[in-house]
Amino acid sequence: MLQISDLTLHYGQSQILNGVSLEAHVGQVTCVMGTNGVGKTSLLKAISGVHPRSGGHYLLDGEPIARPPAYALAAKGVGYVPQGRDIFPLLTVAENLETGFACLPRGERRVPGEIYDLFPVLKDMSHRRGGDLSGGQQQQLSIARALVTRPKLLLLDEPTEGIQPNIIQQIGRVISHLRSEGTMAIVLVEQYFEFAHALADRFVVLKRGAVVKSGDKTTLSKDELRAAVSV
């Protein structure tokens with residue numbers, strides 16, 4: 001579903017990503033790991049179109065991708081759950097979900113019932129303002145909003161950050177369910193090692209904006225991977 005090679009990204013004169021390559025396959029979770037400041041979030045911003053990449057090759061479902069804006073990539077099937085959630089605090093839960101309609105054809109602008117099956121609390125709180133939800137509930141809302149767009153590629157940036165353990169477990173079950181459906185590829189940026197290792201099929205480890213180790217779970221031992229992501 002996703003194939004990028006030699007991707008570079010700059011913020012002004014600073015080069016943040018240096019020749020990053022990775023693949024993400026339908027029905028799999030590809031986990032991007034590394035310490036703080038190595039470029040994980042910047043990589044997802046480049047893939048989602050939030051920040052234009054400086055160079056490199058990008059294929060989405062076999063289609064070469066130039067440098068379209070984020071809304072154009074969303075219409076092509078890229079769903080992005082940013083770090084910090086970025087929900088609209090003054091809109092209701094239902095209205096936050098409906099913001100995902102913008103990249104859908106008019107005939108598909110509805111919230112699938114499956115989303116409320118995955119996140120029952122959102123149905124119960126559909127008329128509450130997003131800013132009144134707990135951090136864990138806001139994270140569920142952010143993931144659900146991305147799913148409203150019917151993504152072929154789902155990008156998740158630190159979905160467990162600052163979340164209580166029971167919600168972390170639920171989010172893990174949701175990711176496992178989405179993978180098992182076999183309709184999308186998932187790229188997960190995550191620092192919670194045990195959570196990431198349990199879910200991922202493939203790993204990409206970044207250090208100073210470059211890939212220092214990559215492979216699938218059958219070829220990378222847990223100890224080898226833990227050592228690669230240590231400071």
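Note that the structure is a prediction, hence the values are computed from the model and not measured.
Closest approach of Gly62 and Leu59 over heavy atoms only: O-CD2, 4.0 Å. Summarising the geometry of Leu7 relative to Ala46, their closest heavy-atom pair is CD2-CB, 4.1 Å, with the distance given to 0.1 Å. The two residues Thr160 and Glu190 have their closest heavy-atom pair at OG1-OE2, 2.7 Å. The minimum heavy-atom distance between Ala144 and Leu122, with the atom names listed, is CB-CD1, 3.5 Å. Considering every non-hydrogen atom in both Arg53 and Ile65, the closest pair reads NH2-O, 2.7 Å. Across all their heavy atoms, Ala24 and Val187 have their closest contact at CB-CG2, 3.7 Å.
Proximity of a side-chain donor or acceptor of Ser42 to a complementary backbone N or O of Ile16 within less than 3.5 Å is not detected. In this structure, the side chain of Thr30 does not engage the main chain of Arg202 through any donor-acceptor pair within 3.5 Å. Distance alone, capped at 3.5 Å, places no donor-acceptor pair between the Lys152 side chain and the Ala185 backbone. Side-chain atoms of Ser176 come within 3.5 Å of backbone N or O of Gly172 as a donor-acceptor pair. The closest donor-acceptor contact from the side chain of Arg179 to the backbone of Val174 lies at 3.5 Å or more, if one exists at all. Counting only distance, with no hydrogens or angles, the side chain of Gln28 and the backbone of His25 share no donor-acceptor pair below 3.5 Å. Using a distance-only test at 3.5 Å, with no hydrogens or angles considered, no donor-acceptor pair links the side chain of Lys213 to the main chain of Val229.
Here the options are Ile175, Leu156, Leu154, the test is side chain to side chain contact (heavy atoms under 4.5 Å, CB included), and the partner is Val29; only Ile175 passes. Each of Val50, Val78, Ile47 was compared with Leu73 under the side chain to side chain contact (heavy atoms under 4.5 Å, CB included) criterion, and only Val78 meets it.
We find the CD1-CD distance between Ile168 and Gln139 to be 10.0 Å, quoted to the nearest 0.5 Å. Rounding to the nearest 0.5 Å gives a distance of 9.5 Å between CG of Leu44 and CD of Glu158. Expressed to the nearest 0.5 Å, how far CD1 of Ile87 lies from CZ of Arg129 amounts to 10.5 Å. The distance from the CD1 atom of Ile163 to the OG atom of Ser134 is 7.5 Å, given to the nearest 0.5 Å. Atoms CZ and OG, on Arg173 and Ser180 in that order, are 13.5 Å from each other to the nearest 0.5 Å. Here Leu188 contributes atom CG and Ile171 contributes atom CD1; the two are 10.5 Å apart, rounded to the nearest 0.5 Å.
No side-chain donor from either of Asp223 and Ser221 sits under 3.5 Å from a side-chain acceptor of the other. No hydrogens or angles considered: a donor-acceptor pair under 3.5 Å links the side chains of Asn36 and Gln191. Using modelled atom types and a 3.5 Å distance limit, the side chains of Ser54 and His10 yield a donor-acceptor pair.
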Start with the C-alpha distance between Leu22 and Leu43, add both sets of side-chain angles, then the distance that settles side-chain contact (heavy atoms from CB on, under 4.5 Å), and finish with yes or no. CA-CA 10 Å; Leu22 67 79; Leu43 176 59; 3.6 Å; yes
Please step through side-chain contact (heavy atoms from CB on, under 4.5 Å) for the pair Gln138 and Val93, ending with a clear verdict. CA-CA 9 Å; Gln138 289 182 4; Val93 166; over 6 Å; no
Walk me through whether Gln15 and Leu9 qualify under side-chain contact (heavy atoms from CB on, under 4.5 Å). CA-CA 6 Å; Gln15 183 164 343; Leu9 180 144; over 6 Å; no
Quick one, Leu2 with Asp61, criterion side-chain contact (heavy atoms from CB on, under 4.5 Å). Give me CA distance, side-chain angles, the key distance, then yes/no. CA-CA 6 Å; Leu2 172 70; Asp61 201 13; over 6 Å; no
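Under a cut-off of 6.0 angstrom, the local environment of NZ in Lys222 is crowded, with over 12 non-hydrogen atoms contributed by other residues, nucleotides or ligands. Sparse packing is recorded around NZ of Lys45, with 12 or fewer heavy atoms of other residues, nucleotides or ligands lying under 6.0 Å away.
With a 4.5 Å cut-off on side-chain heavy atoms, Met33 and Val204 do not count as touching. Two residues are said to be in side-chain contact when any heavy atoms from C-beta on lie closer than 4.5 Å; Leu60 and Met1 meet this criterion. Inter-residue side-chain proximity for Ser21 and Asp6 is flagged as met; some heavy-atom pair is nearer than 4.5 Å. Using a 4.5 Å cut-off on side-chain heavy atoms (C-beta onward), Ile167 and Gln169 make no contact.
Hydrophobic clustering, with ILVMFWY side chains joined whenever heavy atoms are under 4.5 angstrom apart, keeps Met184 apart from Tyr58. Grouping the Ile, Leu, Val, Met, Phe, Trp and Tyr side chains by contacts below 4.5 angstrom, directly or via other members, places Leu206 with Leu155. If you chain together hydrophobic residues whose side chains sit under 4.5 Å apart, Val205 and Phe195 never meet in one group. Hydrophobic clustering, with ILVMFWY side chains joined whenever heavy atoms are under 4.5 angstrom apart, groups Leu17 together with Tyr11. Both Ile143 and Leu133 belong to a single network of hydrophobic side chains, linked directly or stepwise wherever heavy atoms of I, L, V, M, F, W or Y lie under 4.5 Å apart.
With respect to the salt-bridge test (charged N to carboxylate O, under 4.0 angstrom), the residues Lys217 and Asp201 do not qualify.
Here side-chain hydrogen bond (donor to acceptor under 3.5 Å, both in side chains) pairs that include residues 67-80, with residues two or more places apart or in two chains, are Glu63-Lys76.
Every residue meeting the ring pair (Phe, Tyr, Trp, His ring centres under 6.0 Å) condition with His197, not counting sequence neighbours, appears here in chain and number order: Phe193, Phe203.
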Please set out all donor-acceptor pairs under 3.5 angstrom arising from side-chain atoms of residues 95-119, sequence neighbours excluded.
| residue | atom | partner | partner atom | Å |
| --- | --- | --- | --- | --- |
| Glu95 | OE1 | Thr92 | N | 2.9 |
| Glu95 | OE1 | Thr92 | OG1 | 3.4 |
| Asn96 | OD1 | Phe88 | N | 2.8 |
| Asn96 | ND2 | Phe88 | O | 3.0 |
| Asn96 | ND2 | Leu91 | O | 3.2 |
| Asn96 | ND2 | Thr92 | O | 3.0 |
| Thr99 | OG1 | Asn96 | O | 2.6 |
| Arg109 | NE | Phe101 | O | 3.2 |
| Arg109 | NE | Leu104 | O | 3.0 |
| Arg109 | NH2 | Leu104 | O | 3.1 |
| Glu114 | OE2 | His177 | NE2 | 3.0 |

